Amino acid sequence: MSVRVRFAPSPTGQVHIGNIRAAIFNWLFARHEGGSFLLRIEDTDQQRSTPEAIATLLEVMQWLGLDFDEEALYQSSQRQKHLQAAEKLRSLGHVYSDGPDAASQAMVFRIPWQAEELCEGIQEQGAMRMKIHPEQPVQISHKGLRFAAVSKKGAAVPDSACLAGFKNLQVYDSEGRQIFVLQEHIEEILRDGRQFSLENAVELRFTRRSISYVDQVKGEMSKPLDSMRDLVIVRGDGSPVFHPANVVDDISQAVTHIIRGDDHVENSFRHLLLFACLGAKPPVYAHLPMIVNAAGKPYSKRDGDAFVGEFRDKGFLPHTLFNYLSLLGWSPGDDREKMSREELVQAFSLQRCLHSSAQVDIVKMGALNALYIAEMEPGEFVAQCREFVQHLPWGKELDEDYFAKVCAFMQSRLKRFVDVEQWQYFFGEDYQRDEKFCGKQLSDDNTLAALKALQEKLAALPEFSAANIEASIHEASDEFNIRRGRLNQPIRAAVTGIGTGAGIYETLELLGKEKSIARLNLSAK
RNA sequence: GUCUCCAUCGUCUAGGGGUCUAGGACACCGGGUUUUCAUCCCGGCAACAGGGGUUCGAAUCCCCUUGGAGAUGCCA
């Protein structure tokens, strides 16, 4: 059977960086395997899932080149299926009702008592003895166990777990007497809803069962059933929750591999049970490590740089983001970093994904971006710069030829398109100056005198060309006993106000005689 | 608290018992590219979290400790 993976975001208006990373890995895997990459829009939250939010999502995917196969599935359209699945589970005896009052009863999926008969990957782990606190009676019913665990300090901490976690349960009291044997009552508990409340219980003895599966990136994963709880699948108001919706849609879309963030591992254990109880073959799971921000913390909305749109607005190229993100938590195994889409597809494998979380380094991403910017077609580069300059006060009306020349000078020096704002000195007198840099460069009297002399030489130039400008600068340097080249940064400070830019001779030529001289004058005073 | 997972330079990573005095990249610091900015090139700084095992031999396997993350919702 061919591979089918899906990207299943909730459209919330912004596309989270962690989500899109998962999308990229799914896409890479699908393309590598020659399978299908499906899109499922989990739009059941009607508050946030606006048409605008969905449009943003689709636009971001297109921007990144994440083309999907088949038609996008809108989860809200599947509601009846989700409910039908819940009813099916009820008819098979896997569901009970629970809730504060008769009017709002939720449907709760009971982790099946006969787990090993229904679901692959259930194993007995041997005998367990669990100390519990006698302060609270142990309550046993078809809804599971309620008891008080004992904290390190000896205090009672209320806990609960699913019934299926306690195969062969025997409860002992403080005198060491066996006061309850689950095997003797399991029928009446499950069938008749009988409940037990046991006082003075201090120990639970049972056979631990665990559920396990082989994760394609993390390897063998396992969780004891006694650490799991039954889960609500339909709310008291009749709406299905995430779990059945997700599983049912994965069955509908015949998804073979689920590649998602680490934060879903616990859900996967539960979902495995749901797949099994619905009679479906479970998919293969792969959990990706999370990506974290520069502070090493998980990305949250308020950190900034949490959304794809922010990277685009800063002037990162789509392929930079694609390439960089694909290298977070994965590597091709050799020294390649700058990789084309084709190379990434070719090299990708889940087995080479890492197990630990990765921190985004915006500086390194900038370096990668610079590489991609440097190899852009000049025309395309100019157009892109034009777009970013458009929003700036000085960027509305520009001489196109002049702008193109500036672009040509600056292409190899640009890391992000937002940085075009630093080109302001080419277009007017109202530019930002790096005072610290300028102060340092323009403090020496001899240097200032040389700049003054340079003005006259430049003014006398018949042709204001880079070559002539260079010659004049050399003359001025020689006259004032300044090593050739040492005058360049002071000139740059006077004329551009910042320490980095294009070649200074070319910059002056482009700026023109009048402006160049005027700026030297201003600073030389 | 409990459960699950994770741990190599500041960061992203290579590394599947010997070829590791641990390689690459970004950042940083020097130097070079007929004396500037950038590119490019060369060089430098810098890591196996700690402790026990297993083994002739451990960054690699096991255990413990510590640290981190996630989960413990009628959120998704």
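Just so you know, these numbers come straight off a predicted model, no measurement behind them.
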Over all strands shown, is A:Ile504 touching base, sugar-phosphate only, or nothing at heavy-atom distances under 4.0 angstrom?
base

One thing to verify: whether A:Arg110 and A:Asp230 come together as a salt bridge, which I'm taking to mean a side-chain N less than 4.0 angstrom from a carboxylate O.
no

Is the distance between the ring centroids of A:His82 and A:Phe242 under 6.0 Å?
no

Tell me what A:Pro332 touches on the nucleic acid: a base, only sugar-phosphate, or nothing, going by heavy atoms under 4.0 Å.
nothing

A:Arg48: what forms a side-chain hydrogen bond (donor to acceptor under 3.5 Å, both in side chains) with it, not counting sequence neighbours?
A:Asp45

Hey, does A:Thr496 reach any base, or is it just sugar-phosphate, or nothing, if we go heavy atoms under 4.0 Å?
nothing

Test the A:Arg21-A:Phe25 pair against the cation-pi criterion, namely NZ or CZ under 6.0 angstrom from the six-membered ring centroid and within 45° of the ring axis.
yes

For B:G10 versus B:C5, give the span between their P atoms, rounded off to a whole number of Å.
28 Å

Any residue meeting side-chain hydrogen bond (donor to acceptor under 3.5 Å, both in side chains) with A:Tyr425, in chain and number order, not counting sequence neighbours
none

Could you go through nucleotides 23-33 of chain B and list every protein N or O atom that sits under 3.5 Å from one of its N or O atoms, giving the distance for each pair?
{"residue": "B:G24", "atom": "N2", "partner": "A:Glu337", "partner atom": "OE2", "Å": "3.0"}
{"residue": "B:A25", "atom": "O2'", "partner": "A:Glu337", "partner atom": "OE1", "Å": "2.5"}
{"residue": "B:A25", "atom": "O2'", "partner": "A:Lys364", "partner atom": "NZ", "Å": "3.4"}
{"residue": "B:A25", "atom": "N3", "partner": "A:Lys364", "partner atom": "NZ", "Å": "2.8"}
{"residue": "B:C26", "atom": "O2'", "partner": "A:Lys364", "partner atom": "N", "Å": "3.4"}

Shorter than 3.5 Å, N or O on both sides, protein versus nucleotides 69-71 of chain B: list them out with atom names.
{"residue": "B:A69", "atom": "OP1", "partner": "A:Lys297", "partner atom": "NZ", "Å": "2.8"}
{"residue": "B:G70", "atom": "N2", "partner": "A:Glu266", "partner atom": "OE2", "Å": "2.8"}

Restricting both atoms to N or O, compile the protein contacts to nucleotides 42-50 of chain B shorter than 3.5 Å, with distance only.
none

Just call it for A:Arg352: base, sugar-phosphate, or nothing, with non-hydrogen atoms closer than 4.0 Å on any strand.
sugar-phosphate

Whole-Å gap separating P (B:A76) and CD1 (A:Ile233):
13 Å

Under 3.5 Å on both distances, the Watson-Crick or G-U partner of B:G1:
B:U72

Donor-acceptor pair, side chain of A:Asp226 and main chain of A:Cys162, under 3.5 angstrom:
no

Distance between the C1' atoms of B:A69 and B:C74, in whole angstroms?
27 Å

Could you tell me how far apart A:Phe147 (CZ) and B:G1 (P) are, to the nearest whole angstrom?
17 Å

Would you please confirm or rule out a distance under 4.0 Å between OP1 or OP2 of B:C3 and any side-chain N or O of A:Arg208?
no

May I ask you to verify if any side-chain N or O of A:Arg48 is less than 4.0 angstrom from the OP1 or OP2 atom of B:A76?
no

Can you sort out which residues in residues 473-486 of chain A have a heavy atom within less than 4.0 Å of RNA chain B? Ascending by number, please.
A:Arg483, A:Arg484, A:Gly485

